[in-house]
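Every value quoted in this text rests on a predicted model; they were computed, and no experiment measured them.
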Amino acid sequence: MLDLSIKKCVPCDLKDLRPMTEEVANGLLRQVAGWNLVNEGGVLKLNRSMKVKSFTKGLELFQLIAGVAEAEGHHPDLHLVEWNNITIEIWTHAVDGLTENDFILATKINKLNMHHLLRRKLTD
C-alpha cells in the first residue's frame with residue numbers, strides 16, 4: 001500500500017470521482033491513526049477530536065491545518081467548541097462521502113508538529 005502522506009489530493013471536479021465504500025474506508029483507516037469513521041445520515045466522514053492548551057492554541061492549530069489544506073486544495077470542517085475542544089471533520093463534499101483525498105489530508109494533518117498546542121500527548 002502506498003504511503004498516503006506522499007500522495008497529492010486530486011481535484012474534486014473529476015467526473016469519475018466517486019465516494020468509497022465503508023469497507024474500503026475501513027481498510028484505509030489503519031493508515032490514519034487517531035481518526036474515526038463516522039456515518040452521518042448515510043454520509044461517511046473522518047473525524048478526530050483533540051484538546052488544546054488554550055483558545056488561542058486552538059486557533060494556532062487551525063492555522064497549521066489551513067496551510068496543509070490550502071496546499072492540497074482540500075478543506076476540512078474545523079470546530080473549536082468551548083475554549084479547548086477541537087474537532088476536525090473531513091469528507092469530500094463534491095461526492096457526499098469519502099475519497100482517497102480525505103485520507104491523504106488526514107495523514108498530512110497527523111504529520112503536523114502540533115504537540116506544543118495540545119493539552120496531552122496524542123495517542124494512536
Side-chain angles (χ1 to χ4, degrees):
M1 203 177 308
L2 186 60
D3 180 4
L4 291 173
S5 69
I6 62 172
K7 294 185 94 174
K8 180 93 174 122
C9 291
V10 299
C12 293
D13 60 358
L14 296 176
K15 293 186 186 336
D16 59 343
L17 195 62
R18 301 278 183 264
M20 64 180 54
T21 65
E22 191 167 351
E23 181 180 346
V24 171
N26 276 315
L28 288 174
L29 195 59
R30 292 181 218 122
Q31 293 189 56
V32 289
W35 292 82
N36 299 299
L37 189 62
V38 296
N39 186 327
E40 288 186 8
V43 177
L44 292 177
K45 300 178 180 183
L46 290 176
N47 179 294
R48 181 150 196 190
S49 296
M50 299 173 231
K51 287 194 178 288
V52 289
K53 292 180 180 178
S54 67
F55 181 79
T56 56
K57 296 294 184 193
L59 297 177
E60 286 181 48
L61 178 55
F62 284 176
Q63 282 297 119
L64 289 175
I65 294 169
V68 171
E70 281 295 303
E72 291 300 317
H74 196 58
H75 304 91
D77 286 359
L78 304 172
H79 308 273
L80 176 55
V81 181
E82 296 176 359
W83 62 273
N84 71 335
N85 296 301
I86 299 286
T87 301
I88 309 164
E89 293 180 318
I90 306 174
W91 78 99
T92 302
H93 298 78
V95 300
D96 218 17
L98 290 172
T99 64
E100 187 178 56
N101 285 349
D102 304 305
F103 290 88
I104 292 169
L105 184 59
T107 300
K108 292 184 179 192
I109 290 171
N110 278 359
K111 289 188 171 281
L112 291 172
N113 180 12
M114 65 177 94
H115 298 290
H116 64 289
L117 304 171
L118 304 176
R119 288 190 73 175
R120 55 184 89 112
K121 184 179 177 187
L122 289 176
T123 57
D124 294 340

Engineer: For a quick test of reading the model, state the closest non-hydrogen atom pair linking F62 to I86 and the distance between them.
Structural biologist: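 F62 and I86 have their closest heavy atoms at CE2-CD1, 3.5 Å.
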Engineer: What closest approach, in Å, do A106 and V32 show between heavy atoms, and which atom pair accounts for it?
Structural biologist: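 Closest approach of A106 to V32: CB-CG1, 3.7 Å.
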Engineer: Is there a continuous path of hydrophobic side-chain contacts, each under 4.5 Å between heavy atoms, that joins V95 to V38?
Structural biologist: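 No.
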Engineer: Quick one: which of K8, E72, Q31, H74 gives a side-chain contact (heavy atoms from CB on, under 4.5 Å) with I104?
Structural biologist: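 Answer after filtering K8, E72, Q31, H74: E72.
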Engineer: Got a second to check how far W91's CH2 is from N47's CG, nearest 0.5 Å?
Structural biologist: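 CG of N47 is found 10.0 Å from CH2 of W91.
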Engineer: If you look at every heavy atom in P19 and G97, which pair is closest and at what distance?
Structural biologist: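 The answer is CB-CA, 4.0 Å.
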Engineer: How far does CG of N101 sit from CG of L4, to the nearest 0.5 angstrom?
Structural biologist: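 One gets 10.5 Å once the value is rounded to the nearest 0.5 Å.
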Engineer: Which heavy atom of T99 sits nearest to which heavy atom of F103, and what is that distance?
Structural biologist: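 Looking at all heavy atoms of both residues, the closest pair is O-CD1, 3.6 Å.
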Engineer: Looking only at heavy atoms, which two atoms of L98 and A25 are closest? And how far apart?
Structural biologist: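 Smallest interatomic distance, heavy atoms only, reads CD1-CB, 4.0 Å.
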Engineer: Atom CD of E89 and atom CG of D102: how far apart are they, to the nearest 0.5 Å?
Structural biologist: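 Rounded to the nearest 0.5 Å, the CD-CG separation comes to 11.5 Å.
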Engineer: How far apart are the C-alpha atoms of N113 and L64, what are their side-chain angles, what is the distance that settles it, and do they pass the side chain to side chain contact (heavy atoms under 4.5 Å, CB included) test?
Structural biologist: CA-CA 9 Å; N113 180 12; L64 289 175; over 6 Å; no
Engineer: Looking at CG of L37 and NZ of K45, how far apart are the two atoms once the value is rounded to the nearest 0.5 Å?
Structural biologist: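 Reported value, rounded in 0.5 Å steps: 12.0 Å.
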Engineer: Enter the distance from N26:CG to T21:OG1 here, rounded to the nearest 0.5 Å.
Structural biologist: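 Nearest 0.5 Å value for the CG-OG1 distance: 8.5 Å.
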Engineer: For the pair I109 and R48, evaluate side chain to side chain contact (heavy atoms under 4.5 Å, CB included) and give the outcome as yes or no after the intermediate values.
Structural biologist: CA-CA 10 Å; I109 290 171; R48 181 150 196 190; over 6 Å; no
Engineer: Can M50 and R119 be said to form a side chain to side chain contact (heavy atoms under 4.5 Å, CB included), step by step?
Structural biologist: CA-CA 8 Å; M50 299 173 231; R119 288 190 73 175; over 6 Å; no
Engineer: Would you compute the distance between atom CG of L61 and atom CG of L78 and round it to the nearest 0.5 angstrom?
Structural biologist: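 Reported value, rounded in 0.5 Å steps: 8.0 Å.
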Engineer: Looking at V24 and M20, what are the two nearest heavy atoms and their distance?
Structural biologist: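 It is CG1-SD, 3.9 Å.
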